[in-house]
Amino acid sequence: MEAALRHARGFGGPVLVHVVTRKGMGYAPAEADEAEQMHSTVPIDPVTGEATTIAGPGWTATFSDALIGYAKKRRDIVPSRRDARSHRVVGVRQRFPDRLFDVGIASSMR
């Protein structure tokens, strides 16, 4: 990575460095967690990777539940997401498959 960035810096013009990352690499419990690779987690036992506390609902689940509630009442609510296959919107996708659109990475570009 450092070599690629040094090379890019010395290029003398615009350059794109494409970096593919893998969360949890080198930590067996994270590598075994296919859905999240422990990207966001509650406090854990570092040896086993098991949670030491019980997590409450996160902001994504709370938002998804609220969105489902509003979408049940209003047909004009049409969510878009940069990864519509994500497990985070599975409830919305299951209930309104014709109203959830995957917009690719465009929704997260600045």
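Quick note: numbers below take in every heavy atom, side chains included, and nothing from hydrogens, waters or symmetry partners.
- Separation of atoms CG (L67) and CZ (R95) is listed at 10.5 Å; rounding is to 0.5 Å.
- A donor-acceptor distance shorter than 3.5 angstrom exists from the side chain of R99 to the backbone of A71, with no hydrogens or angles considered.
- In terms of heavy atoms, P29 sits closest to G49 at CB-CA, 3.8 Å.
- A8 approaches V17 most closely through the heavy-atom pair CB-CG2, 3.6 Å.
- Under a 3.5 Å cut-off, the side chain of T52 and the backbone N or O of P43 do form a donor-acceptor pair.
- Residues V19 and M1 form a side-chain contact, since some pair of their non-hydrogen atoms from C-beta on lies under 4.5 Å apart.
- Residue I77 is grouped with residue I68 when hydrophobic side chains (ILVMFWY) are merged at heavy-atom distances under 4.5 angstrom, including chains of intermediate members.
- Cluster annotation: L5 and F11 are assigned to distinct hydrophobic clusters (Ile/Leu/Val/Met/Phe/Trp/Tyr, side-chain heavy-atom contacts under 4.5 Å, transitive).
- Proximity of a side-chain donor or acceptor of E31 to a complementary backbone N or O of G26 within less than 3.5 Å is detected.
- Between the side chain of Y27 and the main chain of P46, a donor-acceptor pair closer than 3.5 Å is present.
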